[in-house]
Every structure is written in structure tokens, then in C-alpha cells.
Amino acid sequence: MAASPKLVSTWSFAERPCAEAWPALRDGGSGLDAVEAVCRAVEDDPGVDSVGFGGLPDRDGAVTLDGCVMLDPCRCGSVCAVERHPYPVSLARLVMERTPHVMLAGPGADRFADEQGLAEAALCSEEARAKWLRWKQRPHDVDQSRDAGYVPRRPVDSGTGGVLYPDGSGHDTVCALSLDRSGTLAGACSTSGTPYKTPGRVGDAPIIGHGLYVDPEAGAATATGTGELVMGLCSSFHVVEQMRCGASPRDAVLTALRRIRDAFDLRPVHQVAIIAMTPGGERFAAALRPGYKSVVSDESGTRVEEPDEVVIPGER
Ligand code: ASP
């Protein structure tokens, strides 16, 4: 029986990309094409300073991109620390489709992109460079992959396509999950990582099982937020494995987020949101703290939604 297609993405900056990807998915297109298209559109948007072109650089001023795609445990692909090519999700898809490998890193990933004929491009926008130069005046401010001793507020979704950071910097992976008419689940993630990160730092987003996991039998899950928290507990794999054992997406996501809440000494900047989807298309999204939003496309159209639940609701 044909499935009822669905597309869910993280953060309201994915609203237009989801609305544009939806008609093809609704009309029988592939879910993998849909999640790739959503990520590519966000990667292309210079106004999003945490994904693709325009993403904020590392401490030394270099923009590096991470991304992955997954259909099932035998079909996944990933790239990290890409420095010369602007579409990490498309590159990750080529790793999945054209190599026997799962993950290519750094110069090797860029060389593979060259071999595949992908166009090189400068990744640092004028605006991102200007922000980096400003950050260099107060360099202890942001690198959320370290305990930097300074506590900016965590990202809060404006609900209108932007994510607000009082200090003008942020970090948000675009993560997308889809179910297509053939009943195939697919997922993709793309990020430039935490702003002003320690050079070489890679977060959860491109790592299969951490930022994304898809199993056709059990379901799919993907995470955005402070990568180090997600990585400590293999959160996407954890959610899917719970669903394999019979948990609802709600129970699986909330259990994973509570594990993060209880395992870490959380600082105000920390945020994690996880979305999950069953093979039948039931979905659930929750965040550790307020401020996160999802974008959903289904037969009712495309809309920005609040998470179904927030684990630490009082904090803002
Ligand atoms: N999870 C990503 C990372 O840690 C960034 C984010 O989603 O905010 O690299």
C-alpha cells in the first residue's frame, strides 16, 4: 500500500526549502531527493550562518562543512571538514552511491568532490568573515565545543526563518527526515559546526548514529544542537534502537533527551532537539529547552511547528 508522504526538518529556516521540496515528494518523488533538496537550499542561503555557504568559520577563519545522508545501515554516506565544496549533503550522497565507504574527511573529501566533477567555491561569505573579525576582538565568547568560560544564550528560533543569537553567532544543523510514497524513509543533515570552533572539531551532524540514523524496520531519528551532548550518548541511534524495541517515537525521544539532561552538567548555551519518525510516518519532535522549532510538510501543507514537548520547560 502506498504510504502517505511526510517531510520534517529542523528550524524555521527550512520552511521555504520544505515548501519547495514538498510537491515532488507528494507526487511520488523520492524521499532522498527531498531531504537533499531541503539541505541544499539551506546550504545555499547566505543568511543562514550555521550551514553551507555563509556558515561561520572556525577559530582561524576557515569555514568547514559537514553532512550526511542515510537510507539504511547499508546505505549511508558522510563527509566532514570539507573546505572547498559548498554542498556537503550532495557530496555525502555521492560517497554513499559511488564508493564502498561511509565517511570521507577533510582534504580527501574535497579531492573526491573534485574527482566527481563538483564545482569548487569559496565558503566564507563577506558577512561571516566580518563576524569572525569582530569575534576575534573577544575570542573567548563562543566556541561551544569547549568550556570557554563565557556563556552566551542558546539559539532561539524566531519562527520566521531566522535563529536569534544575542551575540550574532549561532549553530544549527539542518536535519531532514522524509517518508515517500514507496514507504522509504530517508534522512540528511548539514552544518558548518559550532561557530569559531577549535580547528578540526567535528560534531554529531555528519556521524552516522549521532546526528542521524535511519533503519527501514525501526524508524529514523535526527538531532540538532550542541553536538558534544548528542555524541556522548549516540542519541539518534539510541532513539531508533528504542523504537526497534517497541517504544513510541515520543517515549524514545524523551528518554534520549532525559539521558542528556541527566548525564551532562548543562550550561545555559546548551540545546538539543531530536525528531523521530516511524516507518509508518508517525513523528515526534522534542527539545531539551525552549526555543526550538520544526518545519513539517504533509497533506495539510508546510508549516513551522513548536516541538511536541520540551524537557526543561521553565528555562528561557
Ligand atoms: N549539531 C551541530 C554540531 O554540533 C550543530 C547544531 O546543530 O547546532 O556541529
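Counting starts at 1 for both ligands and their atoms, in listed order. Heavy-atom basis, side chains included; hydrogens, waters and symmetry copies ignored.
- With sequence neighbours excluded, no residue forms a side chain to side chain donor-acceptor pair (under 3.5 Å) with E217.
- Here is the list of ligand 1 atoms found below 4.0 Å of a heavy atom in G193: 9 (O).
- Annotation: G227 places an N or O atom under 3.5 Å from an N or O atom of ligand 1; distance criterion only.
- The atoms of ligand 1 that sit less than 4.0 Å from any heavy atom of T173 are 1 (N), 2 (C), 5 (C), 6 (C), 7 (O), 8 (O).
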For this session: Any chance you could lay out the salt bridge (Lys or Arg N to Asp or Glu O under 4.0 Å) test for R283 and E305, step after step, and finish with the verdict?
Result: CA-CA 12 Å; R283 60 185 169 75; E305 284 193 353; 3.4 Å; yes
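- At a 3.5 angstrom cut-off on N or O pairs, D204 counts as close to ligand 1.
- With values rounded to the nearest 0.5 angstrom, E15 atom CD is found 7.5 Å from T302 atom OG1.
- Of the N or O atoms in G225, one or more lie within a sub-3.5 Å distance of an N or O in ligand 1.
- Figure legend: R59 and Y196 shown without cation-pi pairing, the cationic atom not lying both under 6.0 angstrom from the six-membered ring centre and within 45 degrees of its axis.
- Contacts of T191 with ligand 1, taken as heavy-atom pairs under 4.0 Å, involve the side chain alone.
- In this structure, R201 counts as a contact residue of ligand 1, since one of its heavy atoms falls inside 4.0 Å of the ligand.
- Every residue two or more places apart in sequence or in another chain was checked for a side chain to side chain donor-acceptor pair (under 3.5 Å) with E83, and none qualifies.
- With hydrogens and angles ignored, the 3.5 Å screen pairs no side-chain donor or acceptor of R303 with any backbone N or O of S297.
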